[in-house]
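Before any comments, here is the structure.
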Amino acid sequence: MKARGKPPAASRRHRIDVWEWLIRLFVLMASLACLLPFVHVVAKSLSDDAYVIAQKVFLVPQGFTLEAYGKIFADASILHSLYVSVLVTVLFTILGMIVTICAAYPLSRPQLKGRAVLTFLCVFTLLFSGGIIPDYMLINSLGMLDTIWSLVLPLSFSAFNLLILRSSIASNIPVSLEESARIDGAGHFRILFSVVLPLSKPILATLSLFYAVGRWNAYQDALFYIKYNIDLRPLQLKLYYLVIQASESFQLEATTVQLSNPEVLKASVVVFATLPIVCVYPFIQKYFVQGVMLGSVKG
């Protein structure tokens, strides 16, 4: 009788290959589930109205035309809304990162007294919030309705991003490295700008993208806070009105764009609103793969 032993190496490799291909298939299907709807929208935006009305457009444009995009660029209100969205997103991201960094760095240092209580207060805001009505009353009492600050200040601090950055600094920036800088005469701000931030570029880039994408896609706060000053309506709110216009029989906002099929307009504006944030991603992608420290501590 042969003694039982480990399975042959070829058999182990075969099982590993099966799981590897299953994982690849799952990732491929998940990627297609995210990509194909966007390709479908792009195809509709580049297709002739008649093919879209007949529902003959799937992944390849039918009756290729750029008429929808030409009419979008001819509408000054849409271009102005794009400018407002870019301005709000940039201000929101910069302010959000400044506040997050200034809060995460001290909370990551063990010498800060009461940091557990402060961290709990931040986590508490993730579980409970006042709601839409108290938020609106607060913005109204502060006199920020119909101002750009109503789109920048309220959500510029994210407790979730704070916890991510705090954990990253605490785990990747050793206390001994900070002590070495302190021995050389560096203060807290010098340590933050010369040691902590350079070693935290990957997580800073990731959180910046989180802030930018979250602000770029948001429209609900603009719907509540921007009522009369239509010059401050961002592109996403403009898109919201166009979607409502395409699905209802009445028009909620005046626009110079007129198409025989509103679905073409809706698809072209979706692509127009998505491309700017997509173009930013390649410049930040390189930081996602950098998970190691740029320096080391001598033991």
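In what follows, residues are counted from 1 in the order of the sequence shown.
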Please output the side-chain donor-acceptor pairs of residues 84-104 that fall under 3.5 Å, not counting sequence neighbours, one pair per line with the distance.
residue	atom	partner	partner atom	Å
Ser85	OG	Ser81	O	3.2
Ser85	OG	Leu235	N	2.6
Ser85	OG	Gln236	OE1	3.0
Thr89	OG1	Ser85	O	2.7
Thr93	OG1	Thr89	O	2.8
Thr100	OG1	Gly96	O	2.6
Thr100	OG1	Tyr211	OH	2.6

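- Side-chain atoms of Ser171 come within 3.5 Å of backbone N or O of Ser168 as a donor-acceptor pair.
- To the nearest 0.5 Å, the span separating NZ on Lys201 from OG on Ser208 amounts to 12.5 Å.
- Here the CG-CG distance, from Leu162 to Leu126, works out to 9.0 Å after rounding to the nearest 0.5 Å.
- Taking every heavy atom of both residues into account, Arg233 and Ile226 meet most closely at CG-CG2, 4.0 Å.
- Tyr69 and Val60 are not part of a single hydrophobic cluster, where members link through side-chain heavy atoms under 4.5 Å apart.
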With salt bridge (Lys or Arg N to Asp or Glu O under 4.0 Å) as the test, would you mind laying out the steps for Lys56 and Asp48 before giving the verdict?
CA-CA 10 Å; Lys56 294 183 178 180; Asp48 189 74; over 6 Å; no

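- The minimum heavy-atom distance between Met144 and Ser150, with the atom names listed, is O-CB, 3.1 Å.
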Audit row: Leu163, Leu107, side chain to side chain contact (heavy atoms under 4.5 Å, CB included) steps and yes/no
CA-CA 9 Å; Leu163 295 178; Leu107 289 177; over 6 Å; no

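- Considering only heavy atoms from C-beta on, Leu46 stays 4.5 Å or farther from Thr65 through its side chain.
- Criterion: ILVMFWY side-chain heavy atoms under 4.5 Å apart, direct or through other members. Under it, Phe160 and Val123 are part of a common hydrophobic cluster.
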From CA spacing to verdict: side chain to side chain contact (heavy atoms under 4.5 Å, CB included), Arg215, Asp221
CA-CA 10 Å; Arg215 177 65 265 175; Asp221 53 350; 2.7 Å; yes

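- When the side chains of ILVMFWY residues are joined at heavy-atom separations under 4.5 Å, either directly or via intervening members, Ile139 and Tyr228 end up in two distinct hydrophobic clusters.
- To the nearest 0.5 Å, atom CH2 of residue Trp21 and atom CG of residue Leu28 are 10.5 Å apart.
- Counting non-hydrogen atoms of other residues, nucleotides and ligands closer than 6.0 Å to CZ of Arg190 gives a total of 12 or fewer.
- Put simply, the residue from Val195, Val196, Asn172 that forms a side chain to side chain contact (heavy atoms under 4.5 Å, CB included) with Leu177 is Val195.
- Heavy-atom minimum distance, Val39 versus Leu59: CG1-O, 3.7 Å.
- Of all non-hydrogen atoms in Lys44 and Val57, the two that sit nearest each other are N-CG1, 3.8 Å.
- Considering only heavy atoms from C-beta on, Tyr105 stays 4.5 Å or farther from Leu165 through its side chain.
- Phe38 CZ: more than 12 foreign heavy atoms inside a 6.0 Å radius.
- Taking CZ of Arg115 as the reference point, atom SG of Cys122 lies at 13.0 Å (rounded to 0.5 Å).
- Ring geometry for Tyr83 versus His80: interplanar angle of 30 to 60°, hence tilted.
- With hydrogens and angles ignored, the 3.5 Å screen pairs a side-chain donor or acceptor of Asn217 with a backbone N or O of Val213.
- Atoms CZ and CD1, on Arg109 and Ile169 in that order, are 7.0 Å from each other to the nearest 0.5 Å.
- No single ILVMFWY cluster, assembled from side-chain heavy atoms under 4.5 Å apart, contains both Ile23 and Met29.
- Here the CG atom belonging to Leu197 is positioned 12.5 Å from the CD1 atom belonging to Ile203, to the nearest 0.5 angstrom.
- Asn161 contributes no side-chain N or O that, together with a main-chain N or O of Leu207, makes up a donor-acceptor pair within less than 3.5 Å.
- Tyr219 has its side chain out of reach of Leu151: every pair of non-hydrogen atoms, C-beta onward, lies at least 4.5 Å apart.
- Considering all non-hydrogen atoms of both residues, Ala159 and Thr125 come closest at CB-OG1, 3.6 Å.
- No more than 12 heavy atoms of other residues, nucleotides or ligands lie within 6.0 Å of CD1 in Ile133, so this atom counts as exposed by the packing criterion.
- Of all heavy-atom pairs spanning Leu112 and Pro106, the tightest one is CD2-O, 3.2 Å.
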Does the side chain to side chain contact (heavy atoms under 4.5 Å, CB included) test come out yes or no for Leu145 and Tyr136, once each step is laid out?
CA-CA 9 Å; Leu145 290 180; Tyr136 182 86; 3.7 Å; yes

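- At a threshold of 4.5 Å between side-chain heavy atoms, the hydrophobic network of Ile, Leu, Val, Met, Phe, Trp and Tyr places Val42 and Leu275 in one connected group.
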